[in-house]
Every structure is written in structure tokens, then in C-alpha cells.
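Notes follow the structure.
Letters A, B, ... are given to chains in the order of the sequence lines, protein chains preceding strands, and every chain is numbered from 1.
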Protein chains: 2
Amino acid sequence: MSEPERRPFVSARTVAERAGVSRSAVSRTFTDGASVSEETRRKVLEAAGELGYHVNHLARGLRERSNIVCLVVADMTTPIRARLVDVLTRKLQAAGKVIMIINTGTDEESVASALRQTLNYRADATVVLSGTPSAKLIETSLANGQQVVLINRDDPLTGCHNLSVDNQMAGREAFFLLRRAGCRRLALVTSTASTASLLERERVFVEIAKEAGMAVTVMASGPTSYASGYESARRLFGRSDGPDGVFCVTDLLALGFMDAARHEFGLSLPRDLCLVGFDDIDEGDWQSYKLTTFAQPFAAMADHLVELLGQPVAAEAGRRIFEPVPIWRKSVRPSAD
Amino acid sequence: MSEPERRPFVSARTVAERAGVSRSAVSRTFTDGASVSEETRRKVLEAAGELGYHVNHLARGLRERSNIVCLVVADMTTPIRARLVDVLTRKLQAAGKVIMIINTGTDEESVASALRQTLNYRADATVVLSGTPSAKLIETSLANGQQVVLINRDDPLTGCHNLSVDNQMAGREAFFLLRRAGCRRLALVTSTASTASLLERERVFVEIAKEAGMAVTVMASGPTSYASGYESARRLFGRSDGPDGVFCVTDLLALGFMDAARHEFGLSLPRDLCLVGFDDIDEGDWQSYKLTTFAQPFAAMADHLVELLGQPVAAEAGRRIFEPVPIWRKSVRPSAD
DNA sequence: GATGCAAATGCACTTGTGTGCAAGTCTCAT
DNA sequence: ATGAGACTTGCACACAAGTGCATTTGCATC
């Protein structure tokens, strides 16, 4: 017959009727600093308790800011991404924000529709963790007074804030680490999903090696995953002279690479092979791996994000670069000296 | 001086003025099946495009259902939890829902405040992935016409839907697996965070072993983590007669356990030790582990969840149990026969 | 008892939507 | 030309909140 009647959420009016006061009184009871007598306040709270009333933040958001922050993210199952989402949600919540999450692909259209949804829900800010939004959409976000923050997306987009890690430093340090260990034949393992961050690490590593007179074999066998790192190792060591010093632009690639090197080719680390990763995922510290890598300072980045969101939108957007911190473990020989 | 003026989101009225039509026309243009002439529709769309207008779903949610689903989750960085969140967000989004995520602790107070926030934002449904809400709060959720769905929380709470995995089957099968492999000295490794699911797996395993005349050493050294599994192995093998068949109630525990067994005690799997896990996290399939385990059928669970949300709230709540699927890898000897 | 002042209260408007209803316009056939 | 009928359009209200402003109440002081 008729659409089964959906029980409505209890509203301030219902509470007011029950308590025998005006709706304004209810509103004031739940507003700090508003003027209500102790008596009515008591009546309102009692009625609210009995009915299970909760202030509708959506309606409140019509007049003021919504306090909603949208997180646009792809590849959520990746350990590093899960950590980032975890840290961000914690810190944002602590700052009184409410998080809306959009799990999207990295292709332009997915990101575009995510961005639009962000606007539909009047989010105060959109934080993009993966994928790259089009310049035009960012523009409409800004036109609507919405802040846009890109994390680890090193794309030259104007108008939005940009938090990222110092990829150049990582590429440089990785090289020095391997050279100090006495490695002769260098390789770099990356993914076919060539994001700006990964490309930057690759570029700097290859460039600085070249300056030092060393060639680098670059290998990419698939997306940023364990399997792809594994495959890259099979290909590299399948040749006559495999590398003895490798920089994997991601820990996940590094772990796959390490497993293949050990189990398929019987190599021992760090004797036959030195390996450097990037990200510092939990798995890299497991007893089977003990990977030397760089940690992303997510906590600091999240703190900075919260600070940004407190500022007015007008504040000029810019880039902020965070220093990765080297984590010394056992996949690289200590200095040959 | 004055609070820096926050540029407002563009509203339907602004679009109407620009297009030279009434606000209703704008509303109708963005409503399927509403009656608008081709001419006005064109004008509206043009003005909307120029201004970057997006319908405010928050305001729309005042009249109808909000389409918001809240995910309450703890320990997001855990691989299994990250996978669950990933699958759920994907499927819910595909069903037209918008996901609000609340990253909380497992203690009662954290969960309570998460639940309250859920109500504040008029979520159509709350999905609890970890932690256990109090019966009283569930009641107020229901009183507000909000659905409550618990995933893998085997607590006896009335009024809410309950999706979970068949833990009894897992405990039983784990035992048979180990017995068939000829194991003599059984142990069970769990965590100190004794959730109902973990307890259930433990209970059944121990019980059925007892029926078969075999004792089981139960060990818990900390939370559900790699480190805690590692520690449990150290304790168990530090004694005179370590176990030769172990069921870890979680893959993460199993991987830590395996690493300690290998690297600290030089054991080889599956010769000296057979190991069964539960969850089927990606890491278990890595070359260093190849863990035999049970996969949680998250896709089916998510599909069922979406189906539930389509039904009216009135539909009587109940429990639905999903069969885990055994994943045979290499940490258990094939049958001794 | 009248006056003054502060605290409490309620009315009405605001926010951005969707939609029922009535009035308006346009087309076509009689 | 006129009426029927279909299609458009705008007004006004509903949704759930917060708040400025005017009014009422309470209480103390003269």
C-alpha cells in the first residue's frame, strides 16, 4: 500500500511540546551562553533525554559552516594510505571536524565526481589524498568558498594548499646510502602508476647517480603493490648481472622485491643486495624484512592541516614540504669504511 | 577587525536571479521528472555552470532521508579493518549512500560519543565495525528511526542487525586441519582484547579438542597485533615442549608468531610447526609467509548490508551468519595419510 | 505600591531545499 | 472564436535549527 511510514528524527519542536516551553527555549538550552532559566533548562533536558533528542547539525550547518571535511582517497587498503587516513581522521575529529570519506579511483572522472559530491554536502574543505583533480573543479570549489588541500600530490595546481614530503631529499639520501654501502650496480624500482611524487624520487635518484658517474636501471612492472615489486625483482635478476643496490620508491614494492630476491634467487641481504624503501609501513619492521626506509611525518602533516583549516579561506595557498625521517634497519650494509 | 567574510556557497536563489527565472524552476531543473520547459532548463543550467552551483544535499536532507551512513570503526590501520572499510565504502557509495567515518577507540565512552554524533548528523544508518555500543544508545538510535548494523560484533544486542562470520565453523575446521596434519601439542594464540568473535573461535577450538582428548595451551600477550603474536611464540617456545600445531585467531597474530618461530627458534614450517590463521589479509599470501587461513567474505557481507539499508526500518532485526572460506596455503602439512 | 532594571521568553525571520496547489500559457480540435 | 486539455510557472509552506528584537516576568529598591 502506502510507503511504510519512516519514523522521523525527533526535533526541537517535539521536545518543546513535551517540556511545555517554546521551541526557542530548546534551542537556547543547547547553545552555549544563551539566556535560559535554570527551571526551563531542566525541563528541556528532561524531555530531551526521554525522547532521545539530538541537535540536527545538518540544519545548523545551513546558517553557519558545516564543519564537514571531505577525504578523497583511492587505494585505501594500501598500508600507507590506511595509516594516513587513520591519522587524519583522528586529528580532524579532535579539532571538531566531521569526516566524510569518498573512496574513489585515481582516474580523472572518479575524482571529479568525488569533488562534486564534496560540494553537494557543503564541506568546509576537501582533502585529496590520491588522484588528481582537474584545475577547473578546484576553481569551482574555491569559488564556493571551499578550501582544497592536496596531500602528497605534487602537481602544480594553483589556489589550493599543498602538503608534501621532500621527495628530492629522499632520492638523494637513498643514493648516498647505497653508495656508502659500496654498491656498484644500481637499480630503481617504481610503479607504472607514475604519480608526481614517485617520478620526483626517481628523477632525483637517477640524476644524482648520473652526476656521480653511475648508471641506474629503472624498472616498473605494474601498480604500486607487493606483486609488482616481486615481478620487478624476477626481471632484474633474470638477467646476467643483477643489481646490488636498489631503491624502491615504495615500501610495498620493496617488500615484494626482497621476497623475490631471497626466495627465487637465494640472495641474502644486506650481503648480496642492499635495499632502500620509502614510507615506513609497519610491515617493513617485521622480523622477515627489517627494511631501511624513510618515514613520512604524517602526524606533523595532519597538525598542519588542522591549522590550515582554522584559517580563513582567503589566506594565500601555498606549498609546505615536510622532511621524511630516515629509518635505519638492516637491509643496507653499514658504511664500507 | 570584523571576522573575515566567508564567501558563501552559491544557492539556488542566486542561480535563479542570474537566469531570470524563479527559484522553483531551478529546483525543478535538478529534480528528476519535474516539469520544466526546455528553454528555462537551458537557462538554469547555463547560469548554474557559470556560478558553479551544486545542490545542497544537507538542506535536501531536512525533508527527506539524508542518505548518510555512518561507519564507526577502531584500529583502522589493521590490514583486515582497512579492507573492510574499503569494501564497505565502495559498495555503499555505489548504492548512492554517502559515508561519514568515525575513528574511535573501543572503549564504551568513545563508542557512545560516536553514536551520538551519528544522530546529530541524521545518518540513516550506523554501521559499527569495532567496539560495542551500549544497549541504551542503540535504543535511542532506533527511536529516531535510525538503523543500527553491527558487523562482526557477536554481542547479544536486540533491535539491531547483526552480520558476522561463522566463528564456530572456523574453530572447528582449524582443529581438524591441525589434527589431520598429525599435530600432537596444540596451542591457541589470541589477544587480550577479548572481543566476542575471538572468544568464540577460541571456545570452539578448545572445546572440540577436548572432546577429542587433546589439551590446548591458550596464550595471549597483548592486543591483536604482529608484536603480540611474536611475543606469544617466544613464551610458548621458551618452555620445554613447544606446540607443533597452532591456531592464531587472527592473521596478524599468526604472522608475528611465524616470524618468531622461524627467526628466534629456527623452526621450519610446516615441518616443525603447523599454523592456521584467520582473516586472509594480503600479507599472509606474501612469499615469506604463505599462511593457511580463512577468508572473511566481505563482499557478500557488504552486499547484504546494502540490501538491509534498502528495507524499511521496521523490518525485524536479526543475525546473519556468513561462511568463511578456507584458504589453503603452505603453513599446514597436507594430510598425514 | 510604584518604579527601575535585569533576566527570561516568544515571535518572526534566516539558512536552502522540494513540492502541493492554483493560476497562467500554449496548442489543438470543434 | 471558444473550450478542453496539457504543460509551465510562481507562491507559499514545510523541514530544523539559531538569533535579533520586542515583550513579559521577576525582583529589589525607593
Side-chain angles (χ1 to χ4, degrees), chain A residues 3 5-44 47-48 51-68 119-124 144-146, chain B residues 3 5-44 47-48 51-68 119-124 144-146:
Chain A
E3 167 79 5
E5 195 55 37
R6 187 180 174 71
R7 179 161 23 180
F9 278 82
V10 5
S11 76
R13 185 171 58 200
T14 321
V15 176
E17 283 164 8
R18 173 103 165 208
V21 300
S22 78
R23 201 190 56 71
S24 302
V26 178
S27 186
R28 281 191 245 266
T29 302
F30 292 100
T31 312
D32 277 357
S35 166
V36 217
S37 74
E38 206 47 53
E39 171 66 5
T40 42
R41 170 185 216 86
R42 196 191 50 72
K43 282 194 287 189
V44 167
L51 294 169
Y53 169 72
H54 288 77
V55 176
N56 186 339
H57 283 37
L58 264 43
R60 170 188 284 170
L62 282 186
R63 323 185 78 248
E64 318 161 22
R65 32 195 2 233
S66 66
N67 268 334
I68 296 176
L119 289 169
N120 282 331
Y121 279 87
R122 294 312 191 245
D124 292 339
N144 278 280
Q146 184 183 70
Chain B
E3 168 78 5
E5 194 56 35
R6 183 179 177 72
R7 180 161 24 181
F9 278 83
V10 6
S11 75
R13 184 168 61 198
T14 321
V15 176
E17 282 165 9
R18 174 104 166 206
V21 300
S22 79
R23 201 189 55 72
S24 302
V26 178
S27 184
R28 281 191 246 265
T29 301
F30 292 100
T31 313
D32 278 357
S35 164
V36 217
S37 73
E38 206 46 53
E39 171 66 6
T40 42
R41 170 186 216 83
R42 196 190 50 71
K43 283 194 289 189
V44 168
L51 295 169
Y53 170 70
H54 288 77
V55 177
N56 185 339
H57 283 37
L58 263 44
R60 171 188 281 171
L62 282 186
R63 323 185 74 248
E64 319 161 20
R65 35 194 0 231
S66 65
N67 268 335
I68 296 176
L119 289 169
N120 281 332
Y121 280 87
R122 294 311 191 246
D124 292 339
N144 278 279
Q146 184 183 70

| Which is true for B:Arg122 with a 4.0 Å heavy-atom rule: it touches a base, it touches only sugar-phosphate, or it touches nothing? | sugar-phosphate
Worksheet item: Hey, is the main chain of A:Asn67 close enough, under 3.5 Å, to the side chain of A:Asp124 for a donor-acceptor pair?
Response: yes
Of the listed C:dT17, D:dT9, D:dT19, the closest approach to the A:Arg63 side chain comes from D:dT19
Contact check, residues 14-25 of chain A vs DNA chain D, heavy-atom distance under 4.0 Å, returns A:Arg23, A:Ser24
Regarding the side chain of B:Ser27, the nearest nucleotide among D:dT8, C:dG16, C:dT19 is C:dT19
Quick note, A:Ala12 side chain, CB onward, closest among C:dG18, C:dT15, D:dA17 is D:dA17
Between B:Ala48 and B:Phe30, the two heavy atoms sitting closest are CB-CZ, 4.0 Å
The answer to which of A:Asn56 and B:Ser37 contacts DNA chain D further toward the 5' end, by nearest nucleotide, is B:Ser37
Of D:dT9, D:dA17, C:dT17, the nucleotide closest to the side chain of B:Thr40 is D:dT9
- [ ] Would you mind classifying the nucleic acid contact of B:Ser11 as base, sugar-phosphate or nothing, using non-hydrogen atoms under 4.0 angstrom?
- [x] sugar-phosphate
When rounded to whole Å, the CZ to P distance for the pair A:Phe9 and D:dA14 reads 22 Å
DNA chain C nearest-nucleotide lookup for B:Arg28 and B:His54: closer to the 5′ end is B:His54
Rounded to whole Å, CZ of A:Arg13 lies from C1' of D:dC13 at a distance of 12 Å
*asked:* Test your reading of the model: is there a side-chain donor-acceptor pair from A:Asn56 to the backbone of B:Arg122, 3.5 Å cut-off?
replied: no
**OP:** Kindly determine whether A:Tyr53 and A:Val55 satisfy side-chain contact (heavy atoms from CB on, under 4.5 Å), including the steps that lead there.
**Re:** CA-CA 7 Å; A:Tyr53 169 72; A:Val55 176; 3.9 Å; yes
If you define the side chain from C-beta out and look only at heavy atoms, does anything of B:Val26 sit under 4.5 Å from B:Val21?
yes
The nucleotide from D:dT9, C:dG18, D:dA17 with an atom nearest the side chain of A:Ala59 is D:dA17
Would you sort out whether A:Val10 and A:Val15 count as a side-chain contact (heavy atoms from CB on, under 4.5 Å), showing the intermediate values? CA-CA 8 Å; A:Val10 5; A:Val15 176; 4.1 Å; yes
B:Glu39 CD to D:dT9 C1', in whole Å, measures 14 Å
Per atom distances to the A:Ser35 side chain, the nearest of C:dT15, C:dA7, C:dT17 is C:dA7
* Side chains of B:Val44 and B:Val36: closer than 4.5 Å at any heavy-atom pair? -> no
For B:Ala25 and B:Thr29 the tightest heavy-atom approach is O-OG1, 2.7 Å
**Asked** Phosphate oxygens OP1/OP2 of C:dG16: is one of them under 4.0 Å from a side-chain N or O of A:Tyr121?
**Response** no
A:Glu38 CD to C:dA6 P, in whole Å, measures 21 Å
What's A:Val26 touching, base or sugar-phosphate or nothing? Going by heavy atoms closer than 4.0 Å.
nothing
note: B:His57, atom NE2; D:dC15, atom C1'; distance rounded to Å ~ 17 Å
Rounded to whole Å, CG of A:Leu62 lies from P of C:dT17 at a distance of 9 Å
Separation of C:dG18 atom C1' from B:Leu58 atom CG, nearest Å, is 15 Å
From CG of A:Asn120 across to C1' of C:dG16 the rounded distance in Å is 13 Å
- If you look at every strand shown and take non-hydrogen atoms under 4.0 Å, does B:Phe30 touch a base, only sugar-phosphate, or nothing? nothing
